[in-house]
Engineer: 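For reference, the structure I am asking about is given below.
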Amino acid sequence: ENVERTLIAVKPDGVQRRLVGQIMQRFEQRGFKLVGLKMLQVSDDLLSQHYCELRTKPFYPRLLHYMTSGPVVAMVWEGHKVVQTSRTMVGHTNPAEAQAGTVRGDFSFHVSRNVVHASDSLEGAQREIQLWFQRKELLNWDCCDQTITCE
Ligand code: YYY
Ligand code: MG
């Protein structure tokens, strides 16, 4: 019931700063299931589709430059209400307003280097997952403990 999937991506600054493990650990420890994972150099084409709603914003050119400045680690996490819960775990877009205990609140201070991406809605998540991952790259697997972490 309400089992969803969402796209989480550690941005180039997060990879550079060796934060990938700590960020993944938070989602594992919350109980979500990892169903897709890859490291990639993002193309301008992918990013312009990913951030299509922001293309008229003044910060858009800087955002594209930042997001293509180095490898990104993209993940798909699955679980009960994972879209909203992961937004809460990631924290406010502007790290200056992000609460301590969130990824952005713990690891960043400026909106132009906010470490991580998380889909913002169920529809957005579905669109982004299709954009970033091929079907065969998403794996269905059974947890040994179905009772709490997976159902
Ligand atoms: O979904 P989220 O990442 O929290 O924020 P969005 O409003 O979708 O913006 C995407 C991305 O753009 C944000 O993570 C940082 C960057 N950005 C920026 O550099 N400056 C802003 N004033 C707003 C957003
Ligand atoms: Mg967004």
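First listed ligand is number 1; within each ligand, the first listed atom is number 1. Along the sequence shown, residues are numbered consecutively beginning with 1. None of the values given here were measured: they were computed from a predicted structure.
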Engineer: If you measure from each non-hydrogen atom of Asn94 to ligand 1, which part falls under 4.0 Å: side chain, backbone, both or neither?
Structural biologist: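 None of Asn94 does.
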Engineer: Taking 4.0 Å as the limit for heavy-atom contacts, which would you say applies to Arg87 with ligand 1: side chain only, backbone only, both, or neither?
Structural biologist: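 Within the 4.0 Å criterion, Arg87 contacts ligand 1 through side-chain atoms alone.
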Engineer: Supply the atom-to-atom distance Glu53 CD to Asp120 CG, rounded to the nearest 0.5 angstrom.
Structural biologist: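 With rounding to 0.5 Å, CD (Glu53) is 7.0 Å from CG (Asp120).
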Engineer: At what distance is the nearest protein heavy atom to atom 9 (O) of ligand 1, and which residue and atom is it?
Structural biologist: Leu54 CD1, 3.6 Å
Engineer: Can you tell me if Gln41 has over 12 outside heavy atoms packed within less than 6.0 Å of its CD?
Structural biologist: yes
Engineer: With respect to Asn114, determine whether any N or O atom, backbone or side chain, lies less than 3.5 Å from an N or O atom of ligand 1.
Structural biologist: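 Min N/O separation from ligand 1 is below 3.5 Å for Asn114.
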Engineer: If you have a sec, work out which protein heavy atom is nearest atom 2 (P) of ligand 1 and how many Å separate them, to one decimal?
Structural biologist: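 Checked against all protein heavy atoms, atom 2 (P) of ligand 1 sits closest to Thr93 OG1, 3.5 Å.
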Engineer: How does Val111 reach ligand 1, by side chain, by backbone, by both or by neither, if only non-hydrogen atoms under 4.0 Å count?
Structural biologist: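 Within the 4.0 Å criterion, Val111 contacts ligand 1 through backbone and side-chain atoms alike.
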Engineer: Inspect the contact between Asp142 and Lys33 and indicate whether a charged nitrogen and a carboxylate oxygen are less than 4.0 angstrom apart.
Structural biologist: no
Engineer: Answer yes or no: are there more than 12 heavy-atom neighbours, outside Gln29 itself, under 6.0 Å from its atom CD?
Structural biologist: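 Counting other residues, nucleotides and ligands, CD of Gln29 exceeds 12 neighbours.
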Engineer: List the closest protein heavy-atom neighbour of atom 16 (C) of ligand 1: residue, atom name, distance to the nearest 0.1 Å.
Structural biologist: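 Nearest protein contact, heavy atoms only, for atom 16 (C) of ligand 1 is Leu63 CD1, 3.8 Å.
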Engineer: Under 4.0 Å, counting heavy atoms only: does Lys11 come that close to any atom of ligand 1?
Structural biologist: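 For ligand 1, residue contact (heavy atoms, under 4.0 Å) with Lys11 is present.
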Engineer: Are His80 and Glu4 close enough that a side-chain donor and a side-chain acceptor fall under 3.5 Å?
Structural biologist: no
Engineer: If we only count N/O pairs under 3.5 Å, is Tyr51 in contact with ligand 1?
Structural biologist: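 No, there is no polar N/O contact under 3.5 Å.
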Engineer: Check each of Ile8, Ile129, Thr6, Leu34 against Val76 using the side chain to side chain contact (heavy atoms under 4.5 Å, CB included) test, and report the only one that passes.
Structural biologist: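 Going through Ile8, Ile129, Thr6, Leu34 one by one, the side chain to side chain contact (heavy atoms under 4.5 Å, CB included) with Val76 is satisfied by Ile129 alone.
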Engineer: Does the residue Arg104 have a heavy-atom contact with ligand 1, meaning some pair of atoms that are separated by less than 4.0 Å?
Structural biologist: yes
Engineer: State whether the shortest distance between N or O atoms of Asp120 and N or O atoms of ligand 1 falls below 3.5 angstrom.
Structural biologist: no
Engineer: So which heavy atom in the protein is nearest atom 17 (N) of ligand 1, and how far is it from that ligand atom?
Structural biologist: Phe59 CE1, 3.4 Å
Engineer: Could a heavy atom of Glu53 be found less than 4.0 Å from some atom of ligand 1?
Structural biologist: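 Contact check Glu53 vs ligand 1: negative.
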Engineer: Looking at side-chain heavy atoms only, is the closest gap between Arg5 and Val83 below 4.5 Å?
Structural biologist: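 Arg5 vs Val83: side chains apart.
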